[in-house]
Amino acid sequence: MKNITKKPHFLNVTEQMIPQRIDNFLISYIKLISKNKIYKLLRKGNIRVNKKRTPPKYKLKIGDKIRIPPIKEKYIFNINKIFKKKCIKKCIIDKKILKNIIFEDEYLIIINKPSGIAVHGGSGISTGIIEKFRVLRPLCKNLELVHRLDKETSGVLIMSKKRSTLNFLHEQIKNNKIKKKYVALVHGQWPNSINTINLPLLKKKWNTNKSKKKVCVHDLGKPSETHFIVKKRFKNNTTLLYIYPITGRTHQIRVHTSYMKLPIVFDNRYGSKELDKKIKNRNGPFRLLLHAKEIQFIHPKNQKITILSAPLDKEFKNYLKNCKTTKKNRGKNGSTKK
């Protein structure tokens, strides 16, 4: 956490700071400033790189010189106050989230993220998983998210403790070496013939609200590929799937299933309220039935393949228990694949 003075100060970009984006660097460098404030400073040109205005997506290079403007002490004090009241108190109450850790060493913290908790603050959310763990693990000065999960999605989430670890894992993501397995309950009877969906995805404005975007299948979108295996079929006209995203686009699984008219159960953004009403019971669940069950990656220390799994929560499990299976509850490819 850096102290901000009344005068501008300058940073020379070193090897440890690359190849991350300027916005991500600033968010971790000035920890008590909100994301919105940082984006505003970038947009107005108050934060500059090499004396020039810089977009948030700019990737830092060795030799770049970052100018950080003076920030009023009153603002710092107010942020501290908010941080103490809203974040620290919540984190003390939420120490039970430490029980969700499924793996931890000097390089990584890997948790089974509960549904309903955002991975980071922003867009009206004061704190997320990463902010909570920065308070619960104060000695981890470089704690960062390696990847993200939707707020409504539960399951495996990786955080890195070192900048070198973050770069190492991001390189694996870039080269598609990190493998993920999801479990989802979708409406309808998923056809055995559909084991791969390869449709480009594009982010578009959601209605007239410029701050929110919705992902859709579009010819101008980015290539997106998802693999599916039917695990079980239920009499309430739903199907349990094992899902393997090959690419990692925003809301990829949710959009691909929705496009096939077989949306994930209780998906408030891409799903079907009419179909949800037919199968919802008074006891719930009221969460998106999508779970990141397993992740496979190369560990930065021993360079060995590491596979970690996160169990379904009680809400998801109980709902599946109440679903009656059909006689032919498995697809042709009933066994899991990697």
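Numbering starts at 1 and runs along the sequence shown.
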Check this for me: I101, atom CD1, are more than 12 non-hydrogen atoms of other residues, nucleotides or ligands nearer than 6.0 Å?
yes
How far does OG1 of T54 sit from CZ of R21, to the nearest 0.5 angstrom?
13.0 Å
Heavy-atom nearest pair, P69 first then R67, reads CB-NH1, 3.6 Å
Checking side chain to side chain contact (heavy atoms under 4.5 Å, CB included) against V13, which of I66, I22, V49 comes through?
I66
Interatomic spacing from CG in L42 to CZ in R48 - rounded to 0.5 Å
11.0 Å
I279 with V183, same ILVMFWY side-chain cluster at under 4.5 Å
yes
Tell me, yes or no, whether the heavy-atom count around D219 atom CG, taken from other residues, nucleotides or ligands under 6.0 Å, exceeds 12.
no
Output the distance between atom OG (S309) and atom CD1 (I295), rounded to the nearest 0.5 Å.
11.0 Å
So, do Q189 and V230 sit near enough that their side-chain heavy atoms are less than 4.5 Å apart?
no
If we only count heavy atoms from C-beta on, is the F103 to H299 side-chain gap below 4.5 Å?
yes
S154 and R287 side chains, donor-acceptor separation under 3.5 Å
yes
Begin with the C-alpha distance, continue with both residues' side-chain angles, and end with the deciding distance and a verdict on side-chain contact (heavy atoms from CB on, under 4.5 Å) for H291 and N112.
CA-CA 10 Å; H291 177 76; N112 184 2; 3.5 Å; yes
Indicate yes or no: at least one non-hydrogen side-chain atom of N142 is less than 4.5 angstrom from one of T165.
no
Have a look at E152 and tell me which of R254, R269, K113 forms a salt bridge (Lys or Arg N to Asp or Glu O under 4.0 Å) with it.
R254
When you group the ILVMFWY residues by side-chain heavy-atom contacts below 4.5 Å and let the links chain together, are L202 and I253 in the same group?
no
Testing the basics here: between A292 and A310, what is the closest heavy-atom pair and its distance to 0.1 Å?
O-CB, 4.1 Å
One pair to check against side-chain contact (heavy atoms from CB on, under 4.5 Å): T153 and Y182. What are the steps and the verdict?
CA-CA 10 Å; T153 305; Y182 286 75; 4.3 Å; yes
Partner of Q20 by side-chain hydrogen bond (donor to acceptor under 3.5 Å, both in side chains), out of E144, H170, K59, R163:
R163
Measure from NZ or CZ of K181 to the centre of the six-membered ring of Y242 and say whether it is under 6.0 Å with the direction within 45° of the ring axis.
yes
Tell me, do L275 and V265 make a side-chain contact under 4.5 Å, heavy atoms counted?
no
Just wondering, do K161 and D105 contact through their side chains at under 4.5 Å, heavy atoms?
no
Nearest heavy-atom pair of K151 and A118: which atoms, and what distance?
CG-N, 3.7 Å
Supply the atom-to-atom distance K304 NZ to I307 CD1, rounded to the nearest 0.5 angstrom.
13.5 Å
Roughly how far apart are N46 CG and I38 CD1, rounded to 0.5 Å?
12.5 Å
Any donor-acceptor N or O pair under 3.5 Å, side chains D64, N50
yes
Answer yes or no: is there a donor N or O on one side and an acceptor on the other, between the side chain of S258 and the main chain of P263, under 3.5 Å?
no
Indicate yes or no: at least one non-hydrogen side-chain atom of L262 is less than 4.5 angstrom from one of H187.
no
Locate the shortest heavy-atom distance separating C216 from K204; write the atom from each residue and the value.
SG-CD, 3.3 Å
Passes side-chain contact (heavy atoms from CB on, under 4.5 Å), H256 versus L201? Steps please.
CA-CA 9 Å; H256 275 173; L201 299 179; 4.0 Å; yes
Taking the six-membered ring of F168, is NZ or CZ of K301 closer than 6.0 Å to its centre and within 45° of its axis?
no
Evaluate R249 against E225 for salt bridge (charged side-chain N to carboxylate O under 4.0 Å, His left out), listing each step before the verdict.
CA-CA 9 Å; R249 310 300 180 201; E225 183 178 349; over 6 Å; no
Would you confirm whether H227, through its side chain, and I246, through its main-chain N or O, come within 3.5 Å as a donor-acceptor pair?
no
Evaluate whether atom OH of Y58 has more than 12 neighbouring non-hydrogen atoms of other residues, nucleotides or ligands under 6.0 angstrom away.
yes
Minimal non-hydrogen separation, F228 against T257, with atom names:
CE2-CG2, 3.8 Å
Tell me the closest heavy-atom pair linking I194 and I197, and the distance in Å.
CG2-CG1, 4.0 Å
Do side-chain atoms of S160 reach the backbone of I158 as a donor and acceptor pair under 3.5 angstrom?
no
Going by heavy atoms in the side chains, are L241 and I229 under 4.5 Å from each other?
no
Do L288 and S115 have side-chain heavy atoms sitting under 4.5 Å apart?
no
Answer yes if I298 and V156 sit in the same cluster of Ile, Leu, Val, Met, Phe, Trp and Tyr residues linked by side chain heavy atoms under 4.5 Å apart, and no otherwise.
yes
Spell out, as yes or no, whether a donor-acceptor pair under 3.5 Å connects the side chain of R134 to the backbone of L143.
yes
Within a 6.0 Å radius of atom CD on Q303, are there more than 12 heavy atoms belonging to other residues, nucleotides or ligands?
yes
Using 0.5 Å steps for rounding, measure from the CD1 atom of I111 to the CZ atom of F133.
4.5 Å
Using a 3.5 Å distance criterion without hydrogens, assess whether the side chain of T238 forms a donor-acceptor pair with backbone atoms of F234.
no
Under 3.5 Å, is there a donor-acceptor pair between the side chain of D313 and the main chain of P114?
no
Would you sort out whether F297 and L308 count as a side-chain contact (heavy atoms from CB on, under 4.5 Å), showing the intermediate values?
CA-CA 9 Å; F297 61 95; L308 291 168; 4.2 Å; yes
